Amino acid sequence: MELELILERELTTQRPPGGSITDVHVCQHETGKWHINVRVSWRGTGLYHVGLYDKKRIRLYKKASSAIRHIVLGYGYEGVIHVHPCQGLQDASSF
């Protein structure tokens, strides 16, 4: 799924006043790595891939738990986090 990119710095240090993350999805690639997709209040209703802090590349995680920890601690998000494992991958170590 190809989505537009939002840099992580926009979610943390450059978030506009009153701006919020409204929807979060942690999705697994066919490779077993995980990435974060978000919907934010200041950019309309689209879903965005989260990129590295200062590089236009998708941030990847080896474990879903690492991505979730980063969302809660790094972004200060306290809502529901949707987790989408890749069908056919059942590696317990990737969670």
Side-chain angles (χ1 to χ4, degrees):
M1 172 194 249
E2 287 303 314
L3 301 174
E4 194 176 338
L5 196 66
I6 186 170
L7 295 182
E8 188 174 51
R9 67 174 178 238
E10 191 174 344
L11 301 178
T12 55
T13 61
Q14 295 181 347
R15 186 184 301 184
S20 64
I21 299 171
T22 59
D23 196 17
V24 177
H25 299 263
V26 176
C27 305
Q28 189 176 31
H29 280 245
E30 300 82 23
T31 62
K33 300 240 181 185
W34 298 83
H35 67 275
I36 300 170
N37 293 337
V38 296
R39 194 171 275 120
V40 294
S41 65
W42 64 93
R43 277 219 194 165
T45 59
L47 202 59
Y48 296 90
H49 287 313
V50 175
L52 294 173
Y53 188 82
D54 56 356
K55 292 184 176 72
K56 293 187 176 184
R57 221 176 39 195
I58 296 175
R59 178 178 282 283
L60 297 176
Y61 300 85
K62 290 181 182 177
K63 295 184 171 203
S65 59
S66 298
I68 293 168
R69 185 180 317 105
H70 198 92
I71 293 162
V72 173
L73 299 178
Y75 307 159
Y77 183 72
E78 297 177 344
V80 174
I81 299 173
H82 306 275
V83 179
H84 305 279
C86 188
Q87 190 173 11
L89 290 180
Q90 296 183 0
D91 181 12
S93 67
S94 71
F95 284 92

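Please read all numbers here as calculations on a predicted model, not as lab measurements.
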When rounded to the nearest 0.5 angstrom, what is the spacing between [atom1] in [X] and [atom2] in [Y]?
X   : Y   : atom1 : atom2 : answer
I36 : L60 : CD1   : CG    : 10.0 Å
K33 : K62 : NZ    : NZ    : 5.5 Å
L11 : I21 : CG    : CD1   : 5.0 Å
C27 : L47 : SG    : CG    : 7.5 Å

Within a radius of less than 6.0 Å around CD of Q14, do more than 12 heavy atoms belonging to other residues, nucleotides or ligands occur?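 Check passes, neighbour count above 12.
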
Under 6.0 Å from the CZ atom of R57, do we count more than 12 heavy atoms belonging to anything else shown?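 Count not over threshold, so no.
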
May I ask whether L5 and Y75 are part of the same hydrophobic cluster, defined by side-chain heavy atoms of I, L, V, M, F, W, Y residues being less than 4.5 angstrom apart, directly or through others?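 Hydrophobic grouping puts L5 apart from Y75.
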
Find out if a path of hydrophobic residues (ILVMFWY) with successive side-chain heavy-atom gaps under 4.5 Å connects I81 to V40.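 The answer is yes; both residues are in one hydrophobic cluster.
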
Side-chain donor or acceptor of S41 paired with backbone N/O of S20 under 3.5 Å: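 Here the side-chain-to-backbone pair exists.
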
Treating Q28 as the side-chain partner and C86 as the backbone partner, does any N or O pair qualify as donor plus acceptor under 3.5 Å?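 Between the backbone of C86 and the side chain of Q28 there is a qualifying donor-acceptor contact (under 3.5 Å).
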
Would E8 and L52 satisfy side-chain contact (heavy atoms from CB on, under 4.5 Å), going step by step from the backbone distance to the final call? CA-CA 6 Å; E8 188 174 51; L52 294 173; over 6 Å; no

Looking at side-chain heavy atoms only, is the closest gap between [X] and [Y] below 4.5 Å?
X   : Y   : answer
I68 : V83 : yes
Y77 : V38 : no
H49 : E4  : no

Parallel, tilted or perpendicular: rings of Y61 and H70 (30°, 60°):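 Answer is tilted, since the angle falls between 30° and 60°.
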
Describe, in one word, how the ring planes of H25 and H84 are oriented to each other, choosing from parallel (under 30°), tilted (30 to 60°) and perpendicular (over 60°).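 The arrangement is parallel - the two ring planes meet at less than 30°.
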
Report the C-alpha distance between H82 and N37 in whole Å, list the side-chain angles of each, state the deciding distance to 0.1 Å, and finish with yes or no for side-chain contact (heavy atoms from CB on, under 4.5 Å). CA-CA 10 Å; H82 306 275; N37 293 337; over 6 Å; no

Of all the heavy-atom pairs spanning K55 and L7, show the shortest one and how long it is.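 Taking every non-hydrogen atom into account, O-CD2, 3.4 Å.
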
Are Y53 and T12 close enough that a side-chain donor and a side-chain acceptor fall under 3.5 Å?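 Short answer, no.
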
